[in-house]
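Right, one structure below, let's go through it.
Positions are given from 1, in the same order as the sequence printed here.
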Amino acid sequence: QEESIDITSNGVNFSAIQGNSGEKYAVTLELYAEIDADGSERHKTDRCITLTLKKADAMQPFWPRLLKNGKPHYVHTDFSRWKDEDEE
């Protein structure tokens, strides 16, 4: 509940309150490279929030990882949405 998502050119700030316990959660993700904050999308359902982040430079090669400082244990790859370098 009361989620707050702030997408900037170099990261994502997310905070929310759990419905049952009222516990507050927050995370800041510093991305590997710059993104287009205005072109990025967010989709919210009752169970999850999905962010589609658009790279600032579409011609830039694929990133070796999502975040600047490695991968935290709570971030997972959604292989159903995976795209190879030769796909659009």
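A pairwise comparison of heavy atoms in Lys54 and Ser40 identifies N-OG, 3.1 Å as the closest pair. In terms of heavy-atom proximity, Gly70 sits nearest to Arg65 at N-NE, 3.9 Å. Nearest heavy atom pair, residue Trp63 against residue Glu34, reads CZ2-O, 3.9 Å.
Checked against side-chain hydrogen bond (donor to acceptor under 3.5 Å, both in side chains), Asn69 has no partners two or more places apart in sequence or in another chain. Taking Asp6 as the reference, Thr8, Asn13 meet the side chain to side chain contact (heavy atoms under 4.5 Å, CB included) condition, with sequence neighbours excluded. By the side chain to side chain contact (heavy atoms under 4.5 Å, CB included) test, Leu51 is found to be paired with Ile5, Ile7, Val12, Arg42, Ile49, Leu53, residues two or more places apart in sequence or in another chain being considered.
Rounded to the nearest 0.5 angstrom, Glu2 CD and Lys24 NZ are separated by 8.5 Å. Taking NZ of Lys68 as the start and CG of Leu31 as the end, the distance is 9.0 Å to the nearest 0.5 Å. A distance of 11.5 Å separates CD1 in Ile17 from OH in Tyr25, rounded to the nearest 0.5 Å. Considering CD of Glu41 and OG1 of Thr50, their distance stands at 11.0 Å, rounded to 0.5 Å.
Taking the side chain as every heavy atom from C-beta outward, Tyr32 and Pro64 approach each other to under 4.5 Å.
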